[in-house]
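Here is the naming used below: chain letters follow the sequence lines, and residue numbers restart at 1 for every chain.
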There are 2 protein chains.
Amino acid sequence: MRGATTGLSVAHGIVGIICNGGYNINKLCAVGEAIACDRGRRSGKVTVSIREVAKRAGVTHGTVSKVLGGNPKYSIPQSTRQRILSAVDELGYRPNYLAQSLKLGRTDIYGFYSGSRHFEIPNAYIANILEGLRAGCNECEKDLLLVGTFRGTDPVTVYNALANGKIDGLVVFMYEYDALCAALANSSLPVVAIVDPVPSIPSVSLDEQMGGRLIAEHLAERGHRRVVYCTAYAPMASALERHAAFLREAERLGLAVLEFADHAGFEELDAYMALPVSERPTAVVCWHDRAAESLLGHCSDLGISVPTELAVIGFDGVPFSPESQMRLTTVVAPWRDVAREAVRLLDRRVAGDAIPPLTHLSVEFKEGATG
Amino acid sequence: MRGATTGLSVAHGIVGIICNGGYNINKLCAVGEAIACDRGRRSGKVTVSIREVAKRAGVTHGTVSKVLGGNPKYSIPQSTRQRILSAVDELGYRPNYLAQSLKLGRTDIYGFYSGSRHFEIPNAYIANILEGLRAGCNECEKDLLLVGTFRGTDPVTVYNALANGKIDGLVVFMYEYDALCAALANSSLPVVAIVDPVPSIPSVSLDEQMGGRLIAEHLAERGHRRVVYCTAYAPMASALERHAAFLREAERLGLAVLEFADHAGFEELDAYMALPVSERPTAVVCWHDRAAESLLGHCSDLGISVPTELAVIGFDGVPFSPESQMRLTTVVAPWRDVAREAVRLLDRRVAGDAIPPLTHLSVEFKEGATG
DNA sequence: GTGAAAGCGCTAACAC
DNA sequence: GTGTTAGCGCTTTCAC
């Protein structure tokens with residue numbers, strides 16, 4: 001048995017040793033800073049500014065700025081530069097981002113705003129989107145600001161919270177009929193929409209046509225003739241487009257399509273299932289995996305065997321942990337990539353490039369055990 | 001069958017109708033803004049400032065500031081106030097956050113930084129932490145900045161990126177032996193650590209003592225005599241503390257404990273399982289659910305039946321979707337609450353209150369089907 | 001090569 | 001009640 005308890009008992013000691021040994025603490029916790037700790041934030045000067053560095057180095061603050069800015073256009077001799085850098089070190093000077101940003105009109109922060117009422121990060125679909133945003137921001141070296149929803153729903157207030165200089169660009173996730181869209185579209189703030197494409201805002205979304213088509217083809221191939229489509233609780237452009245594509249393809253393939261709405265419970269579906277066998281649907285296409293999972297529960301409750309009696313097809317395919325994932329037949333949507341691509345486009349847009357109004361990412365049919 | 005296709009075909013039309021009908025577009029997309037769109041950001045003045053509002057209202061910018069600031073200390077007559085508000089409306093003025101923040105020394109943004117190399121949002125554990133941060137920030141009306149990791153690992157650089165005025169407070173998630181800790185502890189930036197407690201930084205974490213104890217008690221109750229503890233890949237204070245608590249309690253209860261490390265594969269465990277029955281362990285306690293899930297896979301591969309031959313206990317209990325979650329016996333950790341509590345404390349700290357150096361949240365034993 | 005000065009947009013103390 | 005002014009910390013143009 002190994003001595004893990006020993007490791008624990010000295011754990012606090014380790015901190016001091018490693019920290020003091022490894023780095024110049026003066027650089028991290030400088031004189032000015034220590035004073036600041038004592039006084040608290042409100043009583044007087046807390047941070048050391050460029051002017052104090054200048055004084056200590058015997059130059060003016062303009063010169064300090066030139067050295068620190070690193071613009072090769074100004075040639076500052078090594079001696080002065082060295083004096084300034086020493087002063088920076090000794091005083092523990094750190095440039096104030098706010099002042100810098102105000103002057104430069106740039107914050108190096110991208111924002112994300114979701115108007116969705118159903119926004120919950122542990123929802124794997126959302127988590128993947130956030131991960132994509134994070135990855136994208138890391139790539140282009142920006143921090144990511146999650147703009148809070150506490151401001152309510154008044155578009156003017158929300159817009160003001162978004163377009164006030166705090167961020168250099170914005171990724172949004174909202175319905176195209178949100179009043180905010182018009183404002184953002186006309187704003188000078190670079191914006192990219194994800195998931196639900198928004199007209200007049202560059203958007204990154206799934207190839208919903210492909211999604212709808214793949215599902216219809218699969219069902220037809222499997223010999224289904226009558227199927228049910230379970231629609232979204234809200235008229236989201238992306239879901240509608242997939243729905244329409246599905247219907248088009250279903251018609252072409254001779255599939256009869258019944259419908260019921262996700263939010264309305266299973267009464268309608270139950271009614272369909274009570275039809276005589278000749279008229280009874282043999283598959284349900286759900287607008288997303290969660291609806292499909294809930295339906296599977298319902299089938300299990302009613303003793304409907306899946307997929308023999310009823311096939312169930314989802315849409316999303318966001319991997320939970322591989323082991324725990326249900327073997328749902330679904331269409332895998334690259335949410336992570338959607339978000340990351342959005343940030344990449346945003347970055348190009350911010351840099352002044354033109355970007356495509358609409359970017360579609362392919363989806364992939366994934367045959368599971370439910371249909 | 002319902003006509004969803006109709007809804008789709010007019011979808012784009014809806015935008016205009018709803019947006020124009022519902023709100024004052026001038027407020028959202030004002031004159032100055034429209035011009036800005038044309039010119040782009042770099043060519044000249046983009047935003048309308050308080051001075052332009054002042055000019056239009058026939059007052060000075062100081063007066064405008066007073067009206068907009070809403071400080072009751074200054075009493076501005078209705079007539080002037082009205083003129084100013086109209087000008088604000090007509091010009092589509094929005095206060096510049098950067099300027100405001102620079103002046104006030106406050107950004108209304110809380111930051112989150114994770115030094116962990118394993119930071120991936122789709123990991124349910126992380127997702128729940130982020131959700132807690134989001135909820136907490138929403139409660140105290142702050143935006144949440146995810147500080148990127150692209151700056152590398154040099155503590156000076158990272159520290160500069162954190163303590164530069166960009167945020168009012170910080171929640172961190174890192175090992176206590178990270179060099180950054182010392183810097184943050186001495187910084188004037190209010191900081192709260194989560195998950196792994198950091199000495200000298202107020203921390204919110206789980207009651208690991210309780211976690212370790214609950215597991216040992218459960219195993220003893222179930223009649224186990226020889227168990228294996230699967231340890232973390234890194235010496236995290238929280239995991240070490242739980243481990244130690246488990247060992248203590250196990251000893252008290254007369255449980256023999258073998259060990260193996262998560263990262264080292266299953267060779268050690270296999271060796272234990274090859275022992276004669278009298279010496280063979282009957283349960284494995286994993287330092288977190290992921291390790292447990294992976295172990296379950298291993299057992300399944302080797303034909304070891306769980307929990308008959310070997311009980312498997314996890315730690316985390318973050319719910320994936322309820323339907324898809326494995327029925328793992330585990331200890332449920334309230335990650336969401338840990339993060340939310342951290343933000344609440346941070347908010348109090350920023351307001352000037354004293355906050356406890358250490359906050360522990362209770363965990364809950366959850367009996368599943370694996371032990 | 002370095003200094004002086006203007007100004008980013010805002011708030012707040014002080015004067016009238 | 002309103003105007004004036006200083007200044008938050010920084011960058012950058014223009015003199016010297």
Side-chain angles (χ1 to χ4, degrees), chain A residues 32 36 41-42 44-55 57-84 88 91-108 160 163-166 168, chain B residues 32 36 41-55 57-84 87-88 91-108 160 163-166 168:
Chain A
R41 305 203 92 198
R42 45 203 57 174
K45 247 173 118 42
V46 162
T47 54
V48 21
S49 88
I50 208 173
R51 290 191 148 85
E52 289 151 72
V53 173
K55 192 192 284 179
V59 294
T60 55
H61 71 277
T63 310
V64 176
S65 177
K66 277 162 201 150
V67 168
L68 264 36
N71 192 333
K73 171 168 144 192
Y74 312 106
S75 50
I76 277 94
Q78 269 306 321
S79 59
T80 326
R81 153 178 251 94
Q82 206 45 61
R83 257 183 307 137
I84 290 176
V88 163
L91 295 174
Y93 167 80
R94 268 164 292 115
N96 180 314
Y97 228 80
L98 254 21
Q100 219 164 245
S101 299
L102 176 61
K103 185 66 190 173
L104 299 176
R106 178 169 57 74
T107 62
D108 290 326
N160 287 353
N164 57 14
K166 206 185 290 193
D168 292 345
Chain B
R41 301 203 96 199
R42 46 202 56 175
S43 50
K45 246 174 119 40
V46 162
T47 55
V48 20
S49 88
I50 209 174
R51 291 192 147 84
E52 289 152 72
V53 173
K55 191 193 284 179
V59 293
T60 57
H61 73 278
T63 310
V64 175
S65 177
K66 279 163 203 149
V67 168
L68 263 37
N71 191 332
K73 170 169 145 191
Y74 311 105
S75 50
I76 279 93
Q78 270 307 321
S79 59
T80 326
R81 153 176 253 95
Q82 205 44 63
R83 254 183 309 137
I84 290 176
V88 163
L91 294 174
Y93 166 80
R94 269 164 294 117
N96 180 314
Y97 228 81
L98 253 22
Q100 219 164 244
S101 299
L102 177 61
K103 185 66 189 170
L104 298 178
R106 178 170 58 74
T107 62
D108 290 326
N160 287 353
N164 57 14
K166 206 188 283 191
D168 293 344

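Between B:I84 atom CD1 and C:dC10 atom P the separation is 13 Å, expressed in whole Å. One interatomic measurement links the two molecules: CG of B:N71 to P of D:dT2, which rounds to 15 Å at whole-angstrom precision. In this structure, OH of A:Y93 is placed 10 Å from P of D:dG9, rounded to the nearest angstrom. Here D:dC10 presents its P atom at 11 Å from CZ of A:R94, a figure rounded to the nearest Å. The distance between atom CZ of A:R106 and atom P of D:dC10, rounded to the nearest whole Å, is 15 Å. Here D:dC8 presents its P atom at 22 Å from NZ of B:K166, a figure rounded to the nearest Å. Taking atom CG of B:L104 as the reference point, atom P of C:dT11 lies 6 Å away to the nearest angstrom. Spacing between atom CD1 of A:I50 and atom P of D:dG9 amounts to 11 Å, rounded to whole angstrom units.
At the phosphate of C:dC10, neither OP1 nor OP2 sits under 4.0 Å from any side-chain N or O atom of B:S101. Between A:S49 and the phosphate of D:dG9, there is no side-chain N or O to OP1/OP2 separation shorter than 4.0 Å. Contact between the side-chain N/O atoms of A:Y97 and the OP1/OP2 oxygens of D:dT11 is not found at any separation under 4.0 Å. Considering only side-chain N and O atoms, B:S65 lies under 4.0 angstrom from the phosphate OP1 or OP2 of C:dT11. In this structure, A:T63 reaches the C:dG3 phosphate: one of its side-chain N or O atoms is under 4.0 Å from OP1 or OP2.
When distances are taken from the side chain of B:Q100 to each of D:dT4, C:dT2, C:dT11, the shortest belongs to C:dT11. Side-chain proximity of B:K66 to D:dG9, C:dC10, D:dT4: nearest is D:dT4. In the set D:dG3, D:dA6, D:dG9, D:dA6 carries the atom at the smallest distance from any side-chain atom of B:H61.
Separating the CG atom in A:N160 from the NZ atom in A:K166 is a distance of 10.5 Å, to the nearest 0.5 Å. Taken from CD in A:Q78 to CZ in A:R83, the straight-line distance is 12.0 Å, to the nearest 0.5 Å. With rounding to the nearest 0.5 angstrom, the OG atom of B:S101 is 7.5 Å from the CG atom of B:D168. In this structure, the separation between CD1 on A:I50 and CD on A:Q100 is 8.5 Å, given to the nearest 0.5 Å. Remark: B:T60 OG1 to B:K55 NZ distance equals 13.5 Å, nearest 0.5 Å.
Inter-residue side-chain proximity for A:Y93 and A:L68 is flagged as met; some heavy-atom pair is nearer than 4.5 Å. Inter-residue side-chain proximity for B:V67 and B:T80 is flagged as unmet; no heavy-atom pair is nearer than 4.5 Å.
At the heavy-atom level, B:L98 lies nowhere under 4.0 Å from the strands shown.
Below the 3.5 angstrom threshold, one finds no donor paired with an acceptor across the side chain of B:K103 and the base of D:dG9.
What you find for A:L91 and A:E52 is that their closest heavy atoms are CD1-O, 3.8 Å.
Mapping B:A99 and A:G62 onto DNA chain C by nearest heavy atom places A:G62 at the nucleotide closer to the 5' end.
Looking at residues 72-81 of chain A, you'll see A:S75, A:I76, A:P77, A:T80 sit with a heavy atom under 4.0 Å from some atom of DNA chain C.
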